[in-house]
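To start, the structure under review is shown below, and the notes come after it.
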Amino acid sequence: MRERELCSICDRGKRDAEALIQLLVACGELDATSFESFGGLVAAWIESLRQEYVDIDLLASEHEQWRRGDL
């Protein structure tokens, strides 16, 4: 189990995340119709997250930049 935030900036270009964000922004509050769409979009977004992997080299590089104060 891991935690993941849905972010309109960080998730830009990720189809499943963008679809979910669009629904949340457009609806504000979910009614019965949008709630059905919400469930499907959340399931698709979660499945897309299962396909993501951490780039260890990039992580190490960014950590080093952070330690130096460059990030």
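- Linking ILVMFWY side-chain heavy atoms closer than 4.5 Å, directly or via other members, places V54 and L58 in two distinct hydrophobic clusters.
- Looking at R15 and E18, no side-chain N of the basic residue comes within less than 4.0 Å of a carboxylate O on the acidic one, giving no salt bridge.
- A pairwise comparison of heavy atoms in D16 and S48 identifies OD2-CB, 3.4 Å as the closest pair.
- Taking D57 as the reference, D55 meet the side chain to side chain contact (heavy atoms under 4.5 Å, CB included) condition, with sequence neighbours excluded.
- Under a hydrophobic clustering in which Ile, Leu, Val, Met, Phe, Trp and Tyr are joined whenever their side-chain heavy atoms come within less than 4.5 Å, directly or via other members, L49 and L59 fall into different clusters.
- Within the structure, the side chain to side chain donor-acceptor pair (under 3.5 Å) test picks out the following pairs touching residues 36-47 (sequence neighbours left out): E47-R50, E47-Q51.
- Summarising the geometry, atom NZ belonging to K14 is positioned 13.0 Å from atom CG belonging to L20; distances are rounded to the nearest 0.5 Å.
- Annotation: R68, atom CZ; neighbour count of heavy atoms from other residues, nucleotides and ligands within 6.0 Å is above 12.
- Listed by chain and residue number, I9, C10, D11 satisfy the side chain to side chain contact (heavy atoms under 4.5 Å, CB included) test with C7 (two or more places apart in sequence, or in another chain).
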